[in-house]
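Owing to the predicted nature of the structure, the values given are computational and were not obtained by experimental measurement. We name chains A, B, ... by the order of the sequence lines, and we start the count at 1 in each one.
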Protein chains: 2
Amino acid sequence: MSDVTLLESVFRLFHLVKKELHLQIDALGLELSPMHIRVLKVIASGACRTANDVVQWLSRDKAQVTRLLNSLMTQGLLAKTPNPDDKRSQLLALTEAGRAVMTQVEAIDERVIDKMSQDLNPQQITQFKSLVAAISRGLDAGER
Amino acid sequence: MSDVTLLESVFRLFHLVKKELHLQIDALGLELSPMHIRVLKVIASGACRTANDVVQWLSRDKAQVTRLLNSLMTQGLLAKTPNPDDKRSQLLALTEAGRAVMTQVEAIDERVIDKMSQDLNPQQITQFKSLVAAISRGLDAGER
DNA sequence: CCAAGGTAGTTGACTTAGTCAACCATTAGC
DNA sequence: GCTAATGGTTGACTAAGTCAACTACCTTGG
């Protein structure tokens with residue numbers, strides 16, 4: 001466990017985070033995966049109004065996003081309405097049920113984040129985020 | 001992009017890391033996935049002598065490990081020999097080809113890690129690792 | 001104004017990652 | 001020496017992600 005590379009740290013961390021997320025999700029009995037939750041969140045927050053927004057925001061493949069949105073729709077959490085600005089596209093909005101689920105999702109998020117940060121002070125949290133941002137910058141450089 | 005939770009940062013970071021890893025892997029034309037590489041590494045390092053060691057070390061399901069090891073064997077990179085201490089178990093060792101691939105794997109790792117750390121000074125790298133450790137501690141607490 | 005190229009979204013087929021349960025063979029503990 | 005635990009394998013499954021092909025629409029340059 002002692003000397004682990006940057007790469008290994010990230011793998012281990014992500015695995016723990018996903019596990020914790022799963023725990024909290026089925027503690028509340030939700031039928032959602034982590035990605036479904038992320039999609040709900042970006043729509044609820046107003047950051048994404050169309051499927052393409054979600055694709056951009058989460059940097060995911062549009063095929064994947066289509067399927068995530070469809071399963072949220074068949075679960076009755078999401079509705080698509082025609083986009084007046086572009087007939088190829090539809091506007092996304094949470095249904096009443098979707099908004100209800102969001103309050104549970106917020107509880108899950110809060111618990112996971114609390115657990116992640118319980119050994120950190122606020123300054124360390126900021127520090128962590130800015131280190132992540134710096135690493136991401138490094139990884140982005142030279143692409144595209 | 002501005003205010004992102006701890007949770008979101010981790011998701012985004014992991015996604016970037018995996019993408020970079022894929023890029024480097026098929027830049028070298030290797031037929032390996034990130035998990036195969038991690039398994040090769042822990043065996044090459046001497047940290048894991050049996051399948052069960054790998055299970056413990058990487059915190060992965062034993063079914064998954066069995067399959068990873070098998071595909072490394074059919075690729076001729078890994079050999080199993082009977083474990084004299086336990087007839088249920090086999091000792092893992094890289095073949096000649098496996099050791100050859102490891103030198104390429106090391107190159108990949110180095111490139112990815114270099115890219116991740118190009119905007120960081122050595123102190124920040126240490127800092128990041130210790131923050132990851134602290135977060136992991138928080139997530140582990142209360143389990144088991 | 002209209003053809004050509006680009007964009008939004010969908011679908012099919014696929015790979016990788018991970019999980020759960022059942023099962024064998026062996027080993028360890030009383 | 002029987003029972004319970006352990007190491008490993010297999011089957012069946014879900015989640016996550018990728019690539020290519022395709023439809024329908026939008027945009028632009030001649």
Would you indicate what A:Asp61 reaches in the nucleic acid, counting non-hydrogen atoms under 4.0 angstrom: base, sugar-phosphate, or nothing?
base
Answer yes or no: does atom CZ of B:Arg60 have more than 12 heavy-atom neighbours from other residues, nucleotides or ligands under 6.0 Å?
yes
Taking side chain as C-beta onward, heavy atoms only, is B:Leu139 less than 4.5 Å from A:Met116?
yes
Is the closest side-chain heavy-atom distance between A:Leu120 and B:Arg137 below 4.5 Å?
no
Without decimals, in angstroms, what is the distance between [X] [atom1] and [N] [atom2]?
| X | N | atom1 | atom2 | result |
| --- | --- | --- | --- | --- |
| A:Asp85 | D:dC25 | CG | P | 15 Å |
| B:Phe11 | D:dG17 | CZ | C1' | 13 Å |
| B:Leu69 | D:dT10 | CG | P | 12 Å |
| A:Asn70 | D:dA15 | CG | P | 15 Å |
| A:Arg67 | D:dT14 | CZ | P | 15 Å |
| B:Lys80 | D:dG8 | NZ | P | 8 Å |
| A:His22 | C:dT19 | NE2 | P | 7 Å |
| A:His36 | D:dT14 | NE2 | P | 13 Å |

Between [X] and [N], does any side-chain N or O lie under 4.0 Å from OP1 or OP2?
| X | N | result |
| --- | --- | --- |
| B:Asn83 | C:dT26 | no |
| B:Lys62 | C:dC23 | no |
| B:Arg60 | C:dG18 | yes |
| B:Ser89 | D:dG7 | no |
| B:Gln64 | C:dG18 | yes |
| A:Ser33 | D:dA15 | no |

Is it true that B:His15 and A:Ser59 share a donor-acceptor pair across their side chains at a distance under 3.5 Å?
no
Select one nucleotide: of C:dG9, D:dA15, C:dT27, the one nearest the side-chain heavy atoms of A:Gln90.
C:dG9
Result for 5'-nearest mapping on DNA chain C, choosing between B:Pro84 and A:His15, is A:His15
On DNA chain D, does the nearest nucleotide to A:Phe14 precede the nearest nucleotide to B:Asn52 from the 5' side, or the other way round? Give the residue.
B:Asn52
So does B:Glu106 pair up with B:Lys41, basic N to acidic O under 4.0 Å?
no
Looking at A:Arg88 and C:dT7, is any side-chain donor or acceptor paired with a base atom of the opposite kind under 3.5 Å?
yes
